[in-house]
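Atoms within a ligand are numbered from 1 in the order they appear, just like the ligands themselves. This is a predicted model, so every value here is computed, not measured.
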Amino acid sequence: MSYKQTKIWTVDNSSLLEDKAPEIEEAALWIKNGEVVAFPTETVYGLGANALDEKAIQSIFTAKGRPSDNPLIVHIAKESQLDDLVEEIPATAQSLMEVFWPGPLSIIFKRKEGIAPSVTAGLSTVAIRMPDHPVALRLLEEAGVPVAAPSANLSGKPSPTTAAHVFHDLNRKIAGIVDGGPTGVGLESTVIDCSEGTPILYRPGGITKEQIEEIIGPIDVDPALASAGEAPKSPGMKYTHYSPAGILYLVDNRENISNYVHEAKKAGSRVGVLTTEENADAYDADVVIACGKRNDLATVAMSLYKSLRSFDEEKVEVIFAETFAKEGLGIAIMNRLEKAAESKRL
Ligand code: TXA
Ligand code: MG
């Protein structure tokens, strides 16, 4: 499908305090009527369509070029919407919802019939989350239907944290974009499977394993998160993701980066370094991008995808990236960096 124009609705958060938000009402109506519309959440921009409308859902897969075996997350505004979507709400899920919803935690449940089959890619489970973003919540309320939404990027590219990123990837491929400014968390939601027995963490994200275990005790972690040889339990985790056009290498020993930069420049490449504000002056590369502050990982998460996209804008051919300790939010950051680098390390 190709559109003459992708409609942009610009929404100022303060306009949400008013009773009427005509832009959001229109975008919601479009979703309800089967169109695909991108919208901001607290994590990244989502590409939303009515989760009960198979044709609309297929348009998401087409627009993104997404493999059809990769299921989508369903977004809701109220817990009561779960009644039509899931078979049961296990006690673990209930406790997590009470603490973390609305927020960046997607929970996998046994699904009911009625959800468009492509949403769940043929699985008997469905991932659901309630986003913590005033524009998203208002849009979901106005739409009145559950909204399936993957990240609003072309498949394989870094997720969008601004409406401009969405526009870059999907202009004329989707009906509209609600522009609510840059997103806050910057990385996608944590995905946890609560559909059977001990919950299993499938995708690390803004809510850490430690935060989850504080509420429901010990959980399992998909072995594929620790070892590249294992097949992941969540279909989407097996695909290449977040990749810039240049070749990206992760470098654990920062001291070595300057040498690699020197060698790559000598070989004639346009060279980039992904670092943090603390070290931004340390490198003599063609493009040095400071991605947040190393001593405040939330700022790194927030700018990671924007930084990876900047290397494409600057036509960088080889990128050397500093790495982070796999603790707290560092686990999610390193998960995304390792996927972006397809595990290439120096
Ligand atoms: O923060 C987010 O989660 C964003 C915003 C837009 O909400 N959405 C997002 O969606 O990241 P997406 O499609 O890029 O990632 C969904 C992930 C994929 O890895 C997918 O395989 C997994 O969730 N997933 C969805 N349903 C699943 C299911 N029933 N079983 C296992 N994994 C599932
Ligand atoms: Mg995605």
Side-chain angles (χ1 to χ4, degrees), residues 36-49 51 57 60-61 63-76 85-87 100-112 115-133 135-137 139-140 146-161 165-166 169-170 178 180 183-196 199-207 222 224-225 231-243 301 305 332 335-336 339-340:
V36 174
V37 170
F39 62 96
T41 80
E42 81 281 32
T43 57
V44 300
Y45 272 73
L47 189 57
I57 297 304
I60 292 182
F61 284 85
K64 278 186 63 108
R66 182 175 175 108
S68 60
D69 70 346
N70 190 2
L72 310 179
I73 295 168
V74 175
H75 296 66
I76 58 174
L85 300 170
V86 311
E87 280 294 335
F100 297 115
W101 279 11
L105 182 71
S106 296
I107 302 177
I108 295 178
F109 298 89
K110 288 202 178 81
R111 71 161 167 79
K112 270 192 178 155
I115 305 170
S118 297
V119 169
T120 61
L123 299 174
S124 57
T125 54
V126 60
I128 303 188
R129 89 177 188 98
M130 189 188 291
D132 187 15
H133 191 292
V135 173
L137 286 172
L139 181 74
L140 293 167
V147 172
S151 49
N153 50 284
L154 284 177
S155 232
K157 286 282 136 197
S159 297
T161 55
H165 296 161
V166 181
D169 280 14
L170 297 172
V178 181
T183 61
V185 178
L187 299 180
E188 302 83 351
S189 62
T190 303
V191 178
I192 186 165
D193 186 350
C194 289
S195 67
E196 224 164 357
I200 310 172
L201 184 77
Y202 285 169
R203 180 172 74 180
I207 290 178
D222 184 349
L225 289 178
K233 292 196 175 22
S234 177
M237 299 299 281
K238 70 173 179 277
Y239 291 107
T240 300
H241 272 309
Y242 324 116
S243 297
Y305 292 142
N335 170 265
R336 305 311 193 271
K339 282 184 184 294

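Protein heavy atom at the shortest distance from atom 22 (C) of ligand 1 is Ser234 OG, 3.3 Å. The nearest protein atom to atom 6 (C) of ligand 1, hydrogens excluded, is given as Gly46 CA, 3.4 Å; this is a heavy-atom distance. Protein heavy atom in closest approach to atom 13 (O) of ligand 1: Arg66 NH2, 2.8 Å. Annotation: atom 30 (N) of ligand 1 to nearest protein heavy atom, Ile108 CD1, 3.4 Å. What sits closest to atom 18 (C) of ligand 1 on the protein, heavy atoms only, is Asn70 OD1, 3.7 Å. Considering only non-hydrogen protein atoms, atom 16 (C) of ligand 1 sits nearest to Ile73 CD1, 3.6 Å. Nearest non-hydrogen protein atom to atom 27 (C) of ligand 1 is Pro71 CG, 3.4 Å. In terms of protein heavy atoms, atom 3 (O) of ligand 1 is closest to Ser189 OG, 2.5 Å.
With a heavy-atom cut-off of 4.0 Å, Thr125 touches ligand 1 through backbone and side chain alike.
Classified by interplanar angle (parallel below 30°, tilted 30° to 60°, perpendicular above 60°), the ring pair Tyr242/Tyr305 is parallel.
Excluding waters, the protein N/O/S atoms found under 2.8 Å from the Mg ion (ligand 2) are Ser151 OG.
The closest approach between a heavy atom of Ala149 and any atom of ligand 1 is below 4.0 Å. Heavy-atom distances between Thr120 and ligand 1 stay at or above 4.0 Å for every pair. Judged by the shortest distance from any of its heavy atoms, Arg111 lies outside the 4.0 Å radius around the atoms of ligand 1. Assignment of Pro235 to the shell around ligand 1 is supported, since a heavy atom sits closer than 4.0 Å.
Which of Ser155, Gly186, Ala136, Ser151 comes nearest to atom 9 (C) of ligand 1 through a heavy atom is settled by distance: it is Ser151. Considering Ile200, Val44, Thr41 only, the shortest heavy-atom separation from atom 4 (C) of ligand 1 involves Val44.
Ligand 1 has a nitrogen or oxygen under 3.5 angstrom from a nitrogen or oxygen of Arg203. Distances between N or O atoms of Tyr45 and those of ligand 1 include no value under 3.5 Å. At a 3.5 angstrom cut-off on N or O pairs, Gly236 counts as close to ligand 1.
Within the model, atoms NZ of Lys64 and CG of Asp169 stand 8.5 Å from one another, a figure rounded to the nearest 0.5 Å.
Looking at heavy atoms from C-beta onward, His165 lies out of side-chain contact with Lys157 at the 4.5 angstrom threshold.
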